[in-house]
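Since the structure comes first, as structure tokens, the remarks are kept for the end.
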Amino acid sequence: MTSSETMTGAAVFILLGPPGAGKGTQARMLQEQFGLVQLSTGDLLRAAVKAGTEAGRKAKAVMEAGGLVSDDIVLAVLRDRLAEPDVKKGVILDGFPRTAGQAEALDRLLETTGQLINAAVSLEVDDAAMVDRIAGRYTCSACGEGYHDTFKLPATAGVCDKCGGTAFTRRADDRAETVRARLDAYHAQTAPLIAYYDGRGVLARVDAMGAIPDIAAALGAIVARASA
Ligand code: AMP
């Protein structure tokens with residue numbers, strides 16, 4: 001089955017925003033609320049690095065330096081994922097597209113299925129706060145639930161609220177020096193996509209500096225409206 005056959009008829013939402021804006025947290029919440037599938041190219045690439053695939057071997061050094069992995073590699077891992085049947089429920093693209101080339105490749109893919117982008121949501125934040133947000137974050141190794149040393153601790157110290165797991169992981173690229181490189185890459189290559197989707201009439205903006213549930217409510221309203 002090709003990716004285009006699998007995706008036919010499914011809703012497509014895009015989350016745009018710099019590292020630390022909360023794309024992953026919000027995508028996971030939308031996944032639960034709307035039954036959409038969170039599709040994070042960062043997660044797919046980290047899995048490829050861990051599995052030692054050819055794509056993973058090529059991506060590893062770039063990711064550790066906070067740069068952007070080449071469009072070819074990103075599109076290859078994304079196409080493989082889109083070939084899986086669960087994406088029929090609709091997808092939230094978290095961290096993709098990140099370059100003009102990726103946005104055009106997505107347009108070409110959707111053209112073949114006659115699909116439209118329901119909405120591209122820009123999570124708007126102050127850069128200055130992002131380093132602190134990212135430097136304190138960690139996830140449950142078992143279920144991937146996200147936590148933060150200051151902003152979101154588990155109810156019982158050392159135990160995941162979601163699955164009871166007791167092992168947690170910090171990303172190798174969440175160090176302050178690397179975060180700055182990732183923010184630079186965002187501004188140089190990804191931020192121009194906000195104007196791109198605005199021009200297409202599908203852009204929505206959400207203030208993402210507030211509390212996680214408030215941001216989720218604003219995003220949920222956009223998704224509900226754009227799904228109708
Ligand atoms: P993320 O988990 O979205 O913060 O992504 C982690 C890292 O994976 C990024 O800093 C990039 O090195 C790489 N990456 C993830 N998605 C993309 C993409 N769409 N294009 C290029 N590189 C990506």
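Counting from 1, the numbers follow the sequence of the chain as shown. Computation of the quantities below employed the complete heavy-atom set of this structure, encompassing side-chain atoms and omitting hydrogens, waters and symmetry-equivalent molecules.
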Quick one: do [X] and [Y] end up in the same hydrophobic cluster if we chain Ile, Leu, Val, Met, Phe, Trp and Tyr together by side-chain heavy atoms under 4.5 Å apart?
X    : Y    : result
L30  : V12  : no
F13  : L15  : yes
L106 : L203 : yes
I194 : I117 : yes
V91  : V74  : yes

Which heavy-atom pair separates [X] from [Y] by the least distance, and what is that distance?
X    : Y    : result
V131 : A176 : CG1-CB, 4.0 Å
S40  : R46  : OG-NH2, 4.4 Å
P97  : L16  : O-CD2, 4.0 Å
A204 : I222 : CB-CD1, 3.8 Å
P18  : L183 : CB-CD2, 3.8 Å
L219 : V121 : CD2-CG1, 3.7 Å

With sequence neighbours left out, which residue pairs that include part of residues 205-218 fulfil the side-chain hydrogen bond (donor to acceptor under 3.5 Å, both in side chains) condition?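 Listed by first then second residue: E124-R205.
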Please list all pairs meeting side-chain hydrogen bond (donor to acceptor under 3.5 Å, both in side chains) that have one or both residues in residues 19-28, counting only residues at least two apart or in different chains.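 Of all non-adjacent pairs touching residues 19-28, those that pass side-chain hydrogen bond (donor to acceptor under 3.5 Å, both in side chains) are R28-E145.
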Take L78 and F96, measure what side chain to side chain contact (heavy atoms under 4.5 Å, CB included) needs, and give me the verdict at the end. CA-CA 9 Å; L78 185 71; F96 179 92; 3.5 Å; yes
Not counting sequence neighbours, which residues clear side-chain contact (heavy atoms from CB on, under 4.5 Å) with D71? List them please.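 In terms of side-chain contact (heavy atoms from CB on, under 4.5 Å), with neighbours along the sequence ignored, D71 is linked to L75, T99, Q102.
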Side chain to side chain contact (heavy atoms under 4.5 Å, CB included), that's the test. Do L39 and L82 meet it? Break it down for me. CA-CA 9 Å; L39 248 169; L82 289 175; 3.6 Å; yes
Is any side-chain N of the basic residue among [X] and [Y] closer than 4.0 Å to the acidic one's carboxylate O?
X    : Y    : answer
R182 : E177 : no
R180 : D127 : no
D86  : R81  : yes

Show your working on side chain to side chain contact (heavy atoms under 4.5 Å, CB included) between V179 and R175 and close with a plain yes or no. CA-CA 6 Å; V179 173; R175 289 181 308 260; over 6 Å; no
T169: side-chain hydrogen bond (donor to acceptor under 3.5 Å, both in side chains) partners, not counting sequence neighbours: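 For T169, the residues satisfying side-chain hydrogen bond (donor to acceptor under 3.5 Å, both in side chains) (neighbours in sequence not counted) are S141.
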With sequence neighbours excluded, tell me which residues meet side-chain hydrogen bond (donor to acceptor under 3.5 Å, both in side chains) with D173.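 Result, side-chain hydrogen bond (donor to acceptor under 3.5 Å, both in side chains) vs D173: R171.
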With sequence neighbours excluded, give me every ring-ring contact (aromatic ring centres under 6.0 Å, His included) pair touching residues 134-168.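 Qualifying pairs: Y138-Y147, Y138-F168, Y147-F168, H148-F151.
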By the ring-ring contact (aromatic ring centres under 6.0 Å, His included) test, which pairs, at least two apart or in different chains, include something from residues 171-212?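 Qualifying pairs: none.
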Is a donor on one side and an acceptor on the other found under 3.5 Å between the side chain of [X] and the backbone of [Y]?
X    : Y    : answer
Q33  : G220 : no
S227 : V223 : yes
N118 : A226 : yes
D161 : A155 : yes

I'd like to know whether V206 forms a side chain to side chain contact (heavy atoms under 4.5 Å, CB included) with S122, so could you lay out the CA-CA distance, the side-chain angles of the two residues, the decisive distance to 0.1 Å, and finally the verdict. CA-CA 6 Å; V206 167; S122 168; over 6 Å; no
Measuring from [X]:[atom1] to [Y]:[atom2], what's the distance to the nearest 0.5 Å?
X    : Y    : atom1 : atom2 : result
L193 : E104 : CG    : CD    : 9.5 Å
I73  : L45  : CD1   : CG    : 8.0 Å
D126 : R133 : CG    : CZ    : 9.0 Å

[X]: what forms a salt bridge (charged side-chain N to carboxylate O under 4.0 Å, His left out) with it, not counting sequence neighbours?
X    : value
R225 : none
R200 : D107
E111 : none
R98  : none

Ignoring hydrogens and angles, write down the donor-acceptor pairs under 3.5 Å from the side chains of residues 56-69, residues two or more places apart or on other chains.
residue, atom, partner, partner atom, Å
R57, NH1, G52, O, 2.7
K58, NZ, E54, OE2, 3.0
K60, NZ, E64, OE2, 3.2

Report the C-alpha separation of R170 and D149 in whole Å, then their side-chain angles, then the decisive distance to 0.1 Å, and conclude whether the salt bridge (Lys or Arg N to Asp or Glu O under 4.0 Å) test is met. CA-CA 11 Å; R170 287 181 197 263; D149 293 328; 2.9 Å; yes
